[in-house]
Amino acid sequence: MTQQEALETIVKALDSKRAEDIQVLHVEDLTILGDYFIIANGTSTTHTRTLADEVEYQMTQKGREPGHREGRGNGSNWVVLDYADIIVHIFYKETRDFYQLERLWADGEQVDISQWIKTENGAC
């Protein structure tokens, strides 16, 4: 699976479960943490967990397991799935507003994901 295919799979998985405000940032030149950050939010902690489960399921179907997971417990406001080159951050909306990762990584290049989004909820 190429990096672009992985990005598309993750974005489509998030969109299929109605994630809000999906954003992909290219941060390869800014950090050694990964090449891309995918940031999205759910409307509740249950929704946030469902989004993470769907991403993990779709990626596993394509042969990629996350190297690390954080925040999968009950009531999680922030779930992180680490695919080495792609880090997926799924927030509860208020938690996302508080941490403002997009502002922290504002120097990252915004990736156009419009061709992968079907719902209006995930439009950038």
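On a predicted model such as this, the values are computed, not experimentally measured, just so you know.
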Could you check whether any side-chain heavy atom of T46 comes within less than 4.5 Å of a side-chain heavy atom of R49, counting everything from C-beta outward? yes
Shortest non-hydrogen contact from T31 toward W105: CB-CH2, 3.7 Å
For the CD atom of Q4 and the OG1 atom of T9, what is their distance to the nearest 0.5 Å? 10.5 Å
Side chains of Y83 and Q3: does their closest heavy-atom pair fall under 4.5 Å? no
To the closest 0.5 Å, what do you measure between CD1 (I39) and CD1 (I90)? 11.5 Å
Indicate yes or no: does R103 engage D97 in a salt bridge with an N to O separation below 4.0 Å. no
Looking at I32, I want to see if its CD1 is surrounded by more than 12 non-hydrogen atoms of other residues, nucleotides or ligands under 6.0 Å. no
Check step by step if side-chain contact (heavy atoms from CB on, under 4.5 Å) holds for E70 and V79. CA-CA 6 Å; E70 283 294 328; V79 178; over 6 Å; no
pair L25-Q110: side-chain heavy atoms closer than 4.5 Å: yes
Determine whether I10 and I86 make a side-chain contact, defined as any pair of heavy atoms from C-beta on separated by less than 4.5 Å. yes
Considering only heavy atoms from C-beta outward, does the side chain of V11 approach that of V24 to under 4.5 Å? yes
On a heavy-atom basis, the closest approach of R64 and A6 is NH1-CB, 3.6 Å
CA sep, side-chain torsions, deciding dist, call: L33, V27, side-chain contact (heavy atoms from CB on, under 4.5 Å): CA-CA 9 Å; L33 296 175; V27 295; over 6 Å; no
Would you call M59 and E65 a side-chain contact if the rule is heavy atoms closer than 4.5 Å? no
Side-chain donor or acceptor of D35 paired with backbone N/O of D85 under 3.5 Å: no
Single-linkage hydrophobic cluster I22~I87, side-chain heavy atoms < 4.5 angstrom: no
Quick one about E54 and Q58 (side-chain donor to acceptor, distance below 3.5 Å, no hydrogens or angles considered), yes or no? yes
First locate atom CG of N77, then atom CG of N41, and finally report the distance between them rounded to the nearest 0.5 Å. 11.5 Å
Can K17 and D53 be counted as an ion pair, charged N to O under 4.0 angstrom? no
What's the spacing between I117 CD1 and D112 CG if we round to 0.5 Å? 10.0 Å
Is there a path of hydrophobic side-chain contacts, each under 4.5 Å between heavy atoms of I, L, V, M, F, W or Y residues, that connects Y99 with L104? yes
Go through Q23 and D21 one step at a time and tell me if the side chain to side chain donor-acceptor pair (under 3.5 Å) criterion holds. CA-CA 6 Å; Q23 295 190 31; D21 195 17; 3.2 Å; yes
Linking I/L/V/M/F/W/Y whenever any side-chain heavy atoms sit under 4.5 Å apart, do V55 and I113 land together? yes
Ionic contact status for E102 with R96, cut-off 4.0 Å: yes
How far does NZ of K12 sit from CG of L14, to the nearest 0.5 angstrom? 13.0 Å
Spacing of CD belonging to E8 relative to CE belonging to M1, to within rounding of 0.5 Å: 9.0 Å
Are the side chains of D82 and R69 in contact, using a 4.5 Å heavy-atom criterion? no
Using 30° and 60° as the class limits, which term best fits the ring planes of F37 and H89: parallel, tilted or perpendicular? perpendicular
Transitive ILVMFWY side-chain link V88 to L30, under 4.5 Å: no
Would you say the side chain of T43 lies within less than 4.5 Å of the side chain of Y92, judging by non-hydrogen atoms? no
Any chain of hydrophobic side-chain contacts (each under 4.5 Å) joining L7 to V80? no
